[in-house]
Enquirer: 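Supplied in structure tokens, the structure appears directly below.
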Amino acid sequence: MAEVLNVEVRNTRGTRHAQRLRQEGGVPGVLYGHGTDPVSLKLSGEQVALMVRHGSRLVELNGAVSEKAFVSELQWDTFGLEVLHIDLVRVSEDETITLEVTIELRGEAPGVREGGVIDHVVHQVEIECPVGVIPEKLSLSIKDLHLDGSITADKLPLPPGASLLVEPELVIVTCHTVAEEEEVTAGEAAEPEVIGRKAAEEGESEE
Amino acid sequence: MALMPKRVKHRKSQRGRIRGNATRGNRVVFGDFGLQATQGGWLNAATLEAGRIAAQQYLRNEGRLYIRVFPHKPITSIPLETRMGKGKGEPEYWAAVIKPGTVLFEIGGVPEESARMCFARLAHKMPVHVRFLKRKTV
């Protein structure tokens, strides 16, 4: 079920107004798409935080605007604690959209017991998906991943009607042995080479 | 051996000021969990290496550790009992300039509990305050 967000139309623009809105506990946002004019919105910070916690991508807007929207982008502060701005795209139920979905690894790989390390190479993939079946994340089972094995994008469990927009041979996760690190003798650390300086000059400076 | 550049344009650099927060390198990109600086400062190459060793010893070949910063900045110093003047000192060590928000290390392929324990050990060695960070899904 889509998360419900109460929205108000925001008539004020600019950094200062946006900062003031955030101090009051709101989140500025914008709604666009379907060839109509964009609308600046004011959302509740608590509701946005809840939406993020639930991992919802599809939301039901309520209040000044009543339509379904897809969360296209979230802007975070430096520390990734607060949402600064939210981009919403108008969508209809029968529409197909392109989005990036997170891949979550499930289970324990037998390759780890064989002495390998799981290397999650690709964390997100782009898919084309009907709006009604947008997944929060794609769960990929690694219980058959043995040492020196890999799982490619075509093994991803997609929702009905969805299709991958990446190469099917794209490696998502691998299991391999860790390369032994070279032991470097701790000696006098040499100075790096200075670009553009000739060897003769370097010799002079050392003297 | 501690990290340092292979080639540089200049042997010495001015001190500079650390202003503002990190606007890049402030998200978990490679692994699943990260260690984020909440303070600014210089991170010595030797400290970075100490952190790496502490993390690797805890992980014991499980998961993967990523170092997200590199010591690009040469730090000079004047020898003891030397009179002031006579020019800038010689490069002593290399440091990474850390702005608040910079992700220093990342870990992938381990459960959250292990990552927290590992970063707790590593955090003791850091000269700046740090916090645990997870990858953003939305």
Side-chain angles (χ1 to χ4, degrees), chain A residues 48 51-57 71-74 76-81 83 86 99-105 108-109 112 115-121 123-124 136-137 142 173-197 202 205-206, chain B residues 1-12 20-32 34 36-38 45-46 49 52-53 56 59-66 71-72 74 90-94 99-103 107-111 130-138:
Chain A
V48 171
M51 179 203 81
V52 171
R53 206 178 318 143
H54 293 169
S56 311
R57 303 294 299 270
V71 180
S72 162
E73 194 183 337
L74 290 175
W76 293 88
D77 69 336
T78 300
F79 299 100
L81 297 171
V83 177
I86 182 167
L99 72 153
E100 287 219 327
V101 192
T102 307
I103 302 165
E104 189 187 53
L105 302 182
E108 204 174 305
V112 175
V117 176
I118 298 294
D119 195 355
H120 195 171
V121 186
H123 290 265
Q124 285 189 321
E136 279 179 23
K137 52 184 97 170
I142 54 168
V173 56
T174 62
C175 182
H176 55 81
T177 49
V178 185
E180 284 293 320
E181 281 188 24
E182 286 177 32
E183 281 290 323
V184 183
T185 51
E188 188 69 24
E191 271 203 30
E193 177 196 342
V194 180
I195 300 165
R197 181 178 281 197
E202 278 187 12
S205 68
E206 279 170 17
Chain B
M1 207 168 88
L3 293 168
M4 72 172 182
K6 283 185 183 136
R7 298 173 80 212
V8 289
K9 259 189 167 179
H10 307 286
R11 282 183 67 225
K12 301 170 186 178
N21 295 327
T23 54
R24 49 202 290 186
N26 58 352
R27 297 277 174 271
V28 178
V29 178
F30 299 101
D32 301 317
Q36 187 183 42
T38 56
E49 179 69 4
R52 185 190 69 80
I53 291 169
Q56 293 285 23
L59 289 173
R60 286 175 184 273
N61 290 347
E62 276 180 28
R64 195 163 167 197
L65 182 77
Y66 302 87
H72 285 287
E90 286 304 304
E92 195 71 14
Y93 62 93
W94 293 84
K99 282 188 171 195
T102 308
V103 173
I107 288 180
V110 293
V130 289
R131 63 183 282 264
F132 185 78
L133 194 68
K134 281 188 208 175
R135 173 183 278 276
K136 293 247 178 280
T137 51
V138 182

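Proteins get letters first, then strands, A, B, ... in listed order; numbering begins at 1 in each. Atom set for the values below is all heavy atoms of this structure, side chains included, hydrogens, waters and symmetry mates excluded.
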Enquirer: Can you tell me if His120(A) uses its side chain to pair, donor with acceptor, with the backbone of Gly31(B) under 3.5 Å?
Expert: no
Enquirer: Among Val173(A), Val101(A), Val117(A), Ile118(A), single out the residue with the greatest number of heavy-atom pairs under 4.5 Å to chain B.
Expert: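 Answer, by heavy-atom pair count under 4.5 Å with chain B: Val117(A).
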Enquirer: Heavy-atom cut-off 4.5 Å, strictly under: side chain, backbone, both or neither for Lys9(B) against chain A?
Expert: both
Enquirer: Which pair of non-hydrogen atoms, one from Pro192(A) and one from Pro5(B), has the smallest distance, and what is that distance?
Expert: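 So the minimum-distance heavy-atom pair works out to CB-O, 3.2 Å.
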Enquirer: State, to 0.1 Å, how close Phe30(B) and His123(A) come at their nearest heavy-atom pair, and which atoms those are.
Expert: O-NE2, 2.9 Å
Enquirer: State the CD-CZ distance between Glu104(A) and Arg135(B), to the nearest 0.5 angstrom.
Expert: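 These two atoms lie 12.0 Å from each other.
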Enquirer: Please report the shortest heavy-atom distance between Gly101(B) and Thr78(A), naming the atom on each side.
Expert: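 Of all heavy-atom pairs spanning Gly101(B) and Thr78(A), the closest is CA-CG2, 3.7 Å.
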Enquirer: Give the member of Val103(B), Thr23(B), Asn26(B), Val8(B) that has the highest number of heavy-atom pairs under 4.5 Å with chain A.
Expert: Val8(B)
Enquirer: For chain A, find which of His10(B), Arg64(B), Gln36(B) contributes the most heavy-atom pairs closer than 4.5 angstrom.
Expert: Gln36(B)
Enquirer: Under a 4.5 Å heavy-atom cut-off, does chain A meet the side chain of Thr102(B), its backbone, both or neither?
Expert: neither
Enquirer: What residues form a salt bridge (charged side-chain N to carboxylate O under 4.0 Å, His left out) with Arg53(A), not counting sequence neighbours?
Expert: none
Enquirer: Around Lys134(B), counting heavy atoms of other residues, nucleotides and ligands shown, do more than 12 lie under 6.0 Å from its NZ?
Expert: no
Enquirer: With only heavy atoms counted, which part of Pro100(B) is less than 4.5 Å from chain A, the side chain, the backbone, both or neither?
Expert: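 Both parts, backbone and side chain.
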Enquirer: Considering non-hydrogen atoms only, spot the tightest contact between Lys136(B) and Gly80(A) and give its length.
Expert: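 Closest pair (atom of Lys136(B), atom of Gly80(A), distance): NZ-O, 2.9 Å.
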Enquirer: Just give me the residue among Ala22(B), Gly108(B), Pro91(B) that pairs up with chain A most often, heavy atom to heavy atom, under 4.5 Å.
Expert: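 Sorted descending by pairs with chain A, the first entry is Ala22(B).
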Enquirer: Over all heavy atoms of both residues, which pair between Phe79(A) and Thr38(B) is shortest? Give the atoms and the distance, please.
Expert: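 What the structure gives for the nearest pair is CE2-CA, 3.8 Å.
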Enquirer: Heavy-atom cut-off 4.5 Å, strictly under: side chain, backbone, both or neither for Asp119(A) against chain B?
Expert: side chain
Enquirer: Could you tell me which portion of Val110(B) (side chain, backbone, both or neither) has an atom closer than 4.5 angstrom to a non-hydrogen atom of chain A?
Expert: neither
